[in-house]
Engineer: 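My questions will all concern the structure given below.
One is the number of the first residue; the rest follow in order along the sequence. One-based numbering, in listed order, for ligands and for the atoms of each.
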Amino acid sequence: MSLPIKDQFVLPEGMIYLDGNSLGPLPKSVSQHLSRMVTNEWGQHLIKGWNLDEWMDQPSRVGDQVGKLIGASAGSVVMGDTLSIKVYQALSAALEMRPDRKVILSDSGNFPSDLYMAQGLIRHLNRGHELRIVDPAQVTDAVTEDVAAVMITQVDYRTGRMHDMATITRQAHAKGAVMIWDLAHSAGAVPVDLAASNCEFAVGCTYKYLNGGPGAPAFIYVRPDILGGIDPALSGWLGHDAPFAFEQDYRPGTGIERMRVGTPPVLQLAALEAALKVWDTVTMAELRTASVHLCETFIAEVEARCPALTLASPRDPDQRGSQVSFTFEHGYPAMQALIARNVIGDYRAPHIMRFGLTPLYVDEADVRRAVDVLQDVLDNRLWDNPDYQMTGRVT
Ligand SMILES: *Cc1c(COP(=O)(O)O)cnc(C)c1O
């Protein structure tokens, strides 16, 4: 089973790309759109482009397009900055909403940057907040009445384990906590219904499953009914109600615009906007069906042919995102051996071989061929080569 849009992507000849969970490949529409935009808009219009080419509206316009993919209503999502910054904005706003509570609850499956941002915010607020990190299976029970904010990444970047948004959000609200979801490995990977979940905040990045390119901007969602009360910690001029009035004092803009900070990354947003065209021809439900099929096929093939590997992802597809991970003692050199043979996955310490199975541009034949190569690497100990031991700066 495959989706009929693989030819919308640039993929080097012979490469099987199973790393779209880290950096999505280049959609063909992006090169054309970017080159036209750079030549005609930046090149010819220069400063006039802000009005003429509607650069200033990009963060909200593209935000609405991303919003459609995650069940958010128009006007509730805006683009900008990086995910770490958006985590900081959501968390600082959430803590202000619960001034009498001092606990931020997260889990050990969260991505370190989210936890680091929380730690930095706590240090600088210096009001006695605490970051409480529990096992992913304990999150629901750990929401107690001292928790100000529950900050959870839905899909674990290492194992692909997926939390149930509705259940955790319901529990957070039952205990009076504010809910923040990080959708870094969900947006464009699995169906998400933010409005139905009723969470207050969501954040995510667009260079993974949304194929916006390296350095593509992040997004932030704020539930519309609370927007008017949000006092942004990062009160930059483009989140001001009237940026071009150049007033001395900050006044937050109306609606989601107040979550903007400074000048938008216009070229990156143009690339992302072109990349999002892919979603005109495929629904999230179709994508999910194809993704589950690819993951099930991959797990069955690896378990049948590569017994040295142990499944690190949940076996139940309902509890898994769009990636599959295996542990293997020699996972790092084995992944280097795979990459040298043009099967691109990645490695996460300790011992995790991670494979993103993204049906926009990966089909069943790719998955089977990837397992052929993996089996060869294991059966013939091809990983046992000093060239594969060196660690690069980015793994
Ligand atoms: C990828 C990822 C990040 C990366 O943050 P940046 O600021 O975009 O570098 C943060 N959090 C999670 C959960 C991620 O998966």
Engineer: If we count only N and O atoms by modelled type, under 3.5 Å, do the side chains of His124 and Gln119 hold a donor and an acceptor together?
Structural biologist: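 The answer is no; no qualifying pair exists.
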Engineer: Calculate, to the nearest 0.5 Å, the distance between atoms CG and CG belonging to Leu309 and Leu374 respectively.
Structural biologist: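 Interatomic distance, Leu309 CG to Leu374 CG, rounded to 0.5 Å: 5.5 Å.
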Engineer: Does the N or O separation between Asn110 and ligand 1 drop below 3.5 Å for any pair?
Structural biologist: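 Among all N and O atoms of Asn110, none is under 3.5 Å from an N or O of ligand 1.
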Engineer: For Asp182, take its heavy atoms, then give the atoms of ligand 1 lying under 4.0 Å from any of them.
Structural biologist: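 The atoms of ligand 1 under 4.0 Å from a heavy atom of Asp182 are 11 (N), 12 (C), 13 (C).
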Engineer: Check this for me - ligand 1, Thr153, N or O atoms closer than 3.5 angstrom, yes or no?
Structural biologist: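 In fact, backbone or side chain, Thr153 has no N or O that close.
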Engineer: Regarding ligand 1, does Asp114 bring an N or O atom to under 3.5 Å of one of the ligand's N or O atoms?
Structural biologist: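 Min N/O separation from ligand 1 is below 3.5 Å for Asp114.
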Engineer: Would you please say whether a donor-acceptor pair under 3.5 Å links the side chains of Gln65 and Glu273?
Structural biologist: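 A pair is found: one side chain offers a donor N or O, the other an acceptor, under 3.5 Å apart.
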Engineer: If you count heavy atoms of other groups shown closer than 6.0 angstrom to CH2 of Trp50, is the number above 12?
Structural biologist: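 Check passes, neighbour count above 12.
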Engineer: In terms of atom number and element, which parts of ligand 1 are under 4.0 angstrom from non-hydrogen atoms of Ala184?
Structural biologist: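 So the atoms of ligand 1 that pass are 12 (C), 13 (C), 14 (C), 15 (O).
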Engineer: Numbering the atoms of ligand 1 from 1, which are under 4.0 Å from a heavy atom of His185?
Structural biologist: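 Under 4.0 Å from His185, ligand 1 has these atoms: 15 (O).
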Engineer: Can Lys208 be said to touch ligand 1, with heavy atoms closer than 4.0 Å?
Structural biologist: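 It does, in that a heavy atom of Lys208 comes within the 4.0 Å cut-off of ligand 1.
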Engineer: Would you call the rings of Tyr17 and Tyr361 parallel, tilted or perpendicular, where under 30° means parallel and over 60° means perpendicular?
Structural biologist: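 If you compare the ring of Tyr17 with that of Tyr361, the planes turn out tilted.
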Engineer: Among all protein heavy atoms, pick out the one at the shortest distance from atom 7 (O) of ligand 1; state its residue, atom name and that distance to 0.1 Å.
Structural biologist: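 I find the closest protein heavy atom is Ser84 OG, 2.6 Å.
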Engineer: Would you kindly specify which portion of Leu83 sits under 4.0 Å from ligand 1, judged on non-hydrogen atoms: side chain, backbone, both or neither?
Structural biologist: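 Both of them.
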Engineer: Between Trp181 and Thr169, do the side chains contain an N or O donor and an N or O acceptor separated by less than 3.5 Å?
Structural biologist: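 Yes, side-chain donor-acceptor contact under 3.5 Å.
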Engineer: Is it the case that His45 and Asn40 place a side-chain donor and acceptor less than 3.5 Å from each other?
Structural biologist: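 Side-chain D/A pair, His45 to Asn40: absent.
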Engineer: Could you say whether the N/O atoms of Ser113 and ligand 1 ever approach to under 3.5 Å?
Structural biologist: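 N/O-N/O distance below 3.5 Å does not exist for this pair.
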Engineer: Just to confirm my output: which protein heavy-atom neighbour is closest to atom 8 (O) of ligand 1, and how far is it?
Structural biologist: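 The closest one turns out to be Tyr207 OH, 2.7 Å.
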Engineer: Just how far is it from atom OG of Ser313 to atom CD of Gln323, taken to the nearest 0.5 Å?
Structural biologist: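 Taking OG in Ser313 and CD in Gln323, the distance rounds to 6.0 Å.
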